[in-house]
Amino acid sequence: RGTLALTAAGLFARFTGSLYRILLVRVIGDTGVGLFQMAFPFYALGTTVATLGLPGALARLVAERAARADWPGVERALRLASLLTVTATAVTLVASWWVALPAATRVLGDGRTYPTLIVVPVAVACTALSAVLKGYAHGLKELIPGAASQMVEQSVRVASVLALAALFLPYGLAAAAAGAAAGLALGELAGLLYMLAWLRRERQVARPWIRAARPDATLRELLRLGLPNMATDLVGSLVAAADAVIIPRRLAVAGLPWEEAVAQYGELTGMVLPILFLPMVLTYPLATALLPVIAEAEARGDRRSLVRAMLLGTRLTLAISLAAAAVFATAPAFTARLLYGDPSLAPLISLLAVAAPFMYVQSMHNAVLVGLGLNAASFRNYVAGVALRLALIYTLTARPGLGLAGALWGIIAGQALMAFLHALVLRRATGRFPLP
């Protein structure tokens, strides 16, 4: 039920998200979307620091303790994770506003992103607080509240982003991009309010209090699991920020005017890559539902159930990957025309056929690694993948014959390396290679 609920919510979010991106391009243009997307990595970076990687750690810890009926331990994990998140969120807000101006002028190299960077921390605060509550629900196998929260957040976001972007457009593209960021914050606030209402109802459920986990063990486990998660997300956010810095500049080195380089970066991150993420509306719920199942099987020492769940998730993910790759390879022009009315994106979309299997399978296997508590190994694999990705993006994007295609090949290579390394770690941990 949880997987189906997440799938429905994901389909809704992807559909409305794609719709609002299409409409946003038509409201504020490629350059406006580029300004918004250039600031967006700092939203991801702020969220990573504010959450401290605790949502995933809390989900695994809650699932493990719930399997042992250690409800006092579940309660303490929620309280500690919430306290840590609130503290980190307050620090992140202050730090984000302090660095907004130098980030806009020196890092991104475009002062028009400054108003957006001022608004983004508000969205970060709402996202971080909501994420820890979703992690708690995830650990209890309560996936429906997170799905419903996602639908509420997305509904409010789409309406708010488009309305505020159009409202501030007469004051310039910088103001319009900031208006879009304000719409993002309103959507995240709506999702947070929904999760708080769910938590209030959930707290009224009576559960047997058998034994309490030691306080020091709870904090230690949260940090052991959470810090590698945070490190992974932090590296991911820094890579996204690096993309925003490197890709437009390397396109300029290839001979493009700066405005066109920014517009092409907006095409890649705001139009092409979202198409790659569309099929993940089916794979992400599977991975999400798999994590607490793996954690419970590991806690019980049931290796047979663990391997069976891992292989089932892999088979389903591979089936989705191959179907998506077939569409990307055979109908790129149709896809580009249908979504954006721009068939010139077809060559980039056709490359997504190569990226899809690696991205979707490694994401599924990453959930298994987190369920097993192998967060540190997941982090090491991720670092190796992004190192290869950045090196190839820097090298290939500046070649006039490649441009954005070079950046996309760098992304593909990074995902392929991560998928291979994840498979090796799971082979050692489970005694079974994680492919059918």
Side-chain angles (χ1 to χ4, degrees), residues 6-7 10-25 30 33 37 236 239-240 243 247 251 263-287 313-367 385-386 388-389 392-393 396-397 399 401-420 422-423 435-436:
L6 278 180
T7 300
L11 286 170
F12 176 79
R14 295 296 180 185
F15 173 76
T16 54
S18 298
L19 179 63
Y20 103 80
R21 286 179 183 276
I22 294 169
L23 295 176
L24 188 61
V25 169
D30 286 348
V33 172
Q37 291 296 137
V239 168
D243 286 346
I247 293 176
L251 288 172
Q264 285 203 10
Y265 173 77
E267 288 181 359
L268 177 66
T269 57
M271 300 170 74
V272 176
L273 290 181
I275 297 175
L276 178 61
F277 301 144
L278 279 174
M280 293 187 75
V281 73
L282 301 176
T283 62
Y284 173 76
L286 288 172
T314 301
R315 292 184 186 115
L316 292 172
T317 302
L318 274 176
I320 295 169
S321 301
L322 294 177
V327 173
F328 296 149
T330 59
F334 173 78
T335 303
R337 189 180 299 107
L338 176 66
L339 294 179
Y340 304 113
D342 185 3
S344 67
L345 296 174
L348 295 177
I349 293 176
S350 64
L351 291 180
L352 301 183
V354 183
F358 295 119
M359 174 172 283
Y360 305 158
V361 171
Q362 74 85 12
S363 179
M364 171 64 68
H365 289 167
N366 183 70
V386 297
L388 177 61
R389 164 194 171 126
L392 291 178
I393 285 177
L396 300 178
T397 306
R399 296 187 178 182
L402 289 175
L404 284 184
L408 198 50
W409 275 116
I411 294 171
I412 292 170
Q415 292 292 326
L417 180 58
M418 279 186 272
F420 175 71
H422 284 351
L435 290 176

Can you see which heavy atom on Leu392 is nearest to which on Ala413, and at what distance? CD1-CB, 3.4 Å
What residues, two or more places apart in sequence or in another chain, satisfy side-chain contact (heavy atoms from CB on, under 4.5 Å) together with Leu316? Leu286, Leu312
Which heavy atom of Thr330 sits nearest to which heavy atom of Pro332, and what is that distance? C-CD, 3.4 Å
Mind checking the CG-CG spacing from Leu396 to Leu404? Nearest 0.5 Å is all I need. 12.0 Å
Between Met364 and Thr283, what is the shortest heavy-atom contact and its length? CE-O, 4.2 Å
Check step by step if side-chain contact (heavy atoms from CB on, under 4.5 Å) holds for Arg389 and Leu417. CA-CA 9 Å; Arg389 164 194 171 126; Leu417 180 58; over 6 Å; no
Would you tabulate the side-chain donor-acceptor contacts of residues 356-363 under 3.5 Å, counting partners in other chains and residues two or more places apart, or write 'none'?
| from | atom 1 | to | atom 2 | distance (Å) |
| --- | --- | --- | --- | --- |
| Tyr360 | OH | Leu276 | O | 2.5 |
| Gln362 | OE1 | His422 | NE2 | 3.4 |
| Gln362 | NE2 | Gln415 | OE1 | 2.9 |

Looking at every heavy atom in both Pro279 and Ile275, which two are closest together, and how far apart are they? CD-O, 3.4 Å
So CG of Leu273 and CG of Leu278: to nearest 0.5 Å the spacing works out to 11.0 Å
Euclidean distance, Trp409 CH2 relative to Ile412 CD1, rounded to 0.5 Å: 4.5 Å
Where is the tightest heavy-atom contact between Ile247 and Ala407, given as atom of each residue plus distance? CD1-CB, 4.2 Å
Take Thr397 and Leu402, measure what side-chain contact (heavy atoms from CB on, under 4.5 Å) needs, and give me the verdict at the end. CA-CA 6 Å; Thr397 306; Leu402 289 175; over 6 Å; no
Report, one line per pair, each donor and acceptor closer than 3.5 Å where one atom sits in a side chain of residues 343-354; sequence neighbours left out.
| from | atom 1 | to | atom 2 | distance (Å) |
| --- | --- | --- | --- | --- |
| Ser344 | OG | Asp342 | OD1 | 2.5 |
| Ser344 | OG | Asp342 | OD2 | 3.2 |
| Ser350 | OG | Pro347 | O | 2.6 |

Using side-chain heavy atoms (C-beta onward) and a distance below 4.5 Å, is Asn366 in contact with Met418? no
